[in-house]
Amino acid sequence: MSTARTFCGTPRAGDAGRTMTVFGWVDRRRDHGGLIFIDLRDHTGTLQVVIDPQTARGLGNAHEVRLEWVLRVDGELRARAPQNVNPKRETGEVELHAAACAVLSAAKTPPFPVNEDSEVEEQLRLRHRYLDLRRPRLQRNLRTRAAFCIELRRALTGLGFVEIETPQMIRATPEGARDYLVPSRLFPGSFYALPQSPQLYKQLCMVAGFDRYFQLAHCMRDEDLRADRQPEFTQLDIEMSFVDEEDVFAALEQVIPAAWNACDFRGSPLPVPFPRVTWKDAMGRYGTDKPDTRFALELTDITATVRHSGFRVFADAVARGAIVKAICVPGGGDLSRADIEGRLTDIARDAKAKGLAHLWKRAGGWEGPIAKFFTAEELDGIGAATGANTGDCVLMVADTPDTVAAALGALRNHLGAARGLYDRDRVDMIWVTEFPMFTRSAETGEVTPAHHPFTMINADDVGKLESDPLAVRSRAYDIVVNGREVGSGSIRITDPDIQRRVFAAIGIDGEAARRKFGFLLEAFEYGVPPHGGWAGGIDRMLMEGLAEENIRDVIAFPKNQQAQEPMTDAPAPVDEAQLRELGLTLPPSRRNESAQPKPPFSERR
RNA sequence: GGCCCCGUGGUGUAGCCUGGCCUAACACGCCACCCUGUCAAGGUGGAGAUCGUCGGUUCGAAUCCGAUCGGGGUCGCCA
């Protein structure tokens, strides 16, 4: 088809009189009997094609044309009569009078509307993803995704970053998420793993002298899915040599806005530099390490105020070492006792809090079932600490610092969304810094790295590595957008002594370290530059930019919640011969499943 | 693995709480015919659903109960 092609969305009044050829899908048809209008669609928009008796010779079958048929139309573009102009349409001043119309492909009636973004059951959309992708919203999302990525590449390349591909089949590491494994044919019983991230390879690139690396890296993690989590996703991965945090921040504050602003996300540029909050402040003020800073509703500590109060629940808890914190809901006077003791208390309890106390500040003074337990001074103190005004409601939780943060943080997020405390088009992209180096695992009680074990620690805390590891701050940092973590990074350890002591803190001795990460440690013995980097979820950034609530809507061919792909029915059993070649045998209980593939989606419902 | 929500023609919904006027409604789509200026075209007529599945309660179940399957959200999990 070497014919010069005109895109459907492009002709304007000034093009009237031109003879042109357009290709596209039938978006709508309006058949008046003797006169037929067809709106032909491609990715640029739609163009009205007119088939009338004067020009319709040879187009006698035009009445049979249906939605989603693929047509080629040759004709003359004409200006519409003034009364026929459609101002709602980009191409509304013109129309193409068909001289010839070729059906390149007929189409079955689609299983759901393609010419509009109506709600459709997601499984059906995924089953016919090619039709879903043909619809306007996903066309926009994926084209924007491509634009975003090309701008990232442009900006990074302009800053001297080198794009390097790292392997997709690598050695499994037991740490972190569950690996997807790939069996080796030549070494039966041995497996590759698909990368959870290119972490170690990019550090090796630093050793290799590629002092500014980047990659739009595919990462695979076999964990349960969420609205913002797919088993296979894409990270903007960068690493830089001879840098500290400020250099990494500066690079990303240049690169991300360059791409973001080129996409005109939500109509406004990203504020630069990104505001910073330390992990400690984030936990204290917002109750989470990924705060949504679009609204205030901050946590305030009222432990001292209620320590000796007559409200025994608080006083006794504080005596046992608990803290008490509060959030003040502006205008929360409209929260009923049923609201608070129902939905809001459920949220607090889900976060392990034992309960949720509340006080209303009314015109006549403090009210609520527990108001009577506090002195006037204590109530004034709570009011002063929380900044409560008449008409507000103060919600309080007494517990361990972690539980208080989790409960009030969850309430804060809930109330922020439910009460519309922020502009929905606002985007807050912030740094969270100074994460703790280690956390204590809830179930095993073991000390584990909060980020990963190659993260450098704060120089001031080196002395605490053995004596008080949980107090050691790391040089790790996250980027958080509207309360969603989109990426994290750190300055890495290049000092063998520090690395050894960090491993020791998490129970990895020299022998284990050599076994697991020997290639990295050995590489570091040959001249390693100080380095650090960052990796961020492209999909999540696009979600925020495009205001999409689900990661699947920014990915061309995503998996469903069971990590299946309904279009191809992956994963699927394989032939016995394939297994044999790989030296694999399924346990008898699984053989039947293997021998009898699941019925295809169409038969499964 | 836990918890929550959803499942009704091709699509999206109503009906369900309070069982019987449901022989299941509406919009879009689909089919046929009419129609030369529409653009969410219009008009007339039509086809299309054993209400996810199985079981129970009942004289009677889309509706109540139980189980199960499928989808989504979430907690755990995601160094």
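Because the structure is a prediction, the values reported are computed rather than measured. Numbered from 1 within each chain, the chains take letters A, B, ... in sequence-line order. Basis for what follows: all heavy atoms, side chains included, without hydrogens, waters or symmetry-related copies.
- Contacts of A/A450 with the nucleic acid, taken as non-hydrogen atoms under 4.0 Å apart, involve only primed sugar atoms and P, OP1 or OP2.
- More than 12 heavy atoms of other residues, nucleotides or ligands sit less than 6.0 Å from atom CZ of A/R12.
- Looking at heavy-atom distances under 4.0 Å, A/R229 makes contact with a base.
- A/F454 and A/H452 have tilted rings, their planes meeting at an angle from 30° to 60° on a 0 to 90° scale.
- Candidate nucleotides B/G10, B/C78, B/G76 were compared by shortest atom distance to the side chain of A/D224, and B/G76 ranks first.
- Of the candidates B/C30, B/G73, B/A40, B/A40 carries the atom nearest the A/K88 side chain, counting heavy atoms from C-beta on.
- Listed nucleotides B/U11, B/G73, B/G76 differ in distance to A/A227; the shortest reach to its side chain belongs to B/G73.
- Which of B/C39, B/U36, B/G12 sits closest to the side chain of A/V120 comes down to B/G12.
- Contact annotation: A/N115 does not reach the phosphate of B/C28 (side-chain N/O to OP1 or OP2, under 4.0 Å).
- Between B/A41 and A/R28, a contact under 4.0 Å exists linking OP1 or OP2 to a side-chain N or O.
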Quick test: give all pairs of protein nitrogen or oxygen and nucleotides 24-27 of chain B nitrogen or oxygen below 3.5 Å, distance rounded to 0.1 Å.
none

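- Remark: B/G12 base-pairs with B/C26. Criterion, Watson-Crick or G-U wobble with two distances under 3.5 Å.
- Comparing the P positions of B/U8 and B/C54 gives a spacing of 15 Å, expressed to the nearest Å.
- Searching all strands for a Watson-Crick or G-U wobble partner of B/C51 with both distances below 3.5 Å returns nothing.
- Partner assigned to B/G7 is B/C69, using Watson-Crick or G-U wobble distances below 3.5 angstrom.
- Checking the phosphate oxygens (OP1, OP2) of B/G71, a side-chain nitrogen or oxygen of A/Q562 falls inside 4.0 Å.
- Within 4.0 Å of A/I506, counting heavy atoms only, lies no atom of the nucleic acid at all.
- Between A/N560 and the phosphate of B/G71, there is a side-chain N or O to OP1/OP2 separation shorter than 4.0 Å.
- If A/P453 and A/R552 are placed on RNA chain B by their nearest nucleotide, the residue sitting closer to the 5' end is A/R552.
- For A/R30 and B/U38, the shortest distance from a side-chain N or O to OP1 or OP2 is not below 4.0 Å.
- Comparing B/G73 with B/C30, their P atoms are spaced 31 Å from each other, to the whole Å.
- Relative ring orientation between A/H531 and A/F524 is described as perpendicular, the plane-to-plane angle rising above 60° on a 0-90° scale split at 30° and 60°.
- Contact annotation: A/Q561 side-chain N/O to B/U74 OP1/OP2 distance is not under 4.0 Å.
- Pairing of B/C64, defined by two Watson-Crick or G-U wobble distances under 3.5 Å, is identified with B/G56.
- Ion pair A/E434/A/R473 flagged as a salt bridge, since at least one NZ, NE, NH1 or NH2 atom sits closer than 4.0 Å to an Asp/Glu carboxylate oxygen.
- A gap of 22 Å separates the C1' atoms of B/A49 and B/U68, to the nearest Å.
- Mapped onto RNA chain B by nearest heavy atom, A/P110 and A/R89 fall at different nucleotides, with A/P110 at the one closer to the 5' end.
- Judged as a side chain to side chain donor-acceptor pair (under 3.5 Å), and not counting sequence neighbours, A/N115 has no contacts.
- Nucleotide B/G42: paired with B/C34 (Watson-Crick or G-U wobble, both distances less than 3.5 Å).
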What nitrogen or oxygen pairs link the protein and nucleotides 31-35 of chain B at under 3.5 Å?
residue, atom, partner, partner atom, Å
B/C31, OP1, A/R66, NE, 3.0
B/C31, OP2, A/R66, NE, 3.3
B/A32, OP2, A/R66, NH2, 3.3
B/C35, N1, A/H32, O, 3.4
B/C35, N3, A/D31, O, 3.2
B/C35, N3, A/G33, N, 3.3
B/C35, N4, A/G33, N, 3.4

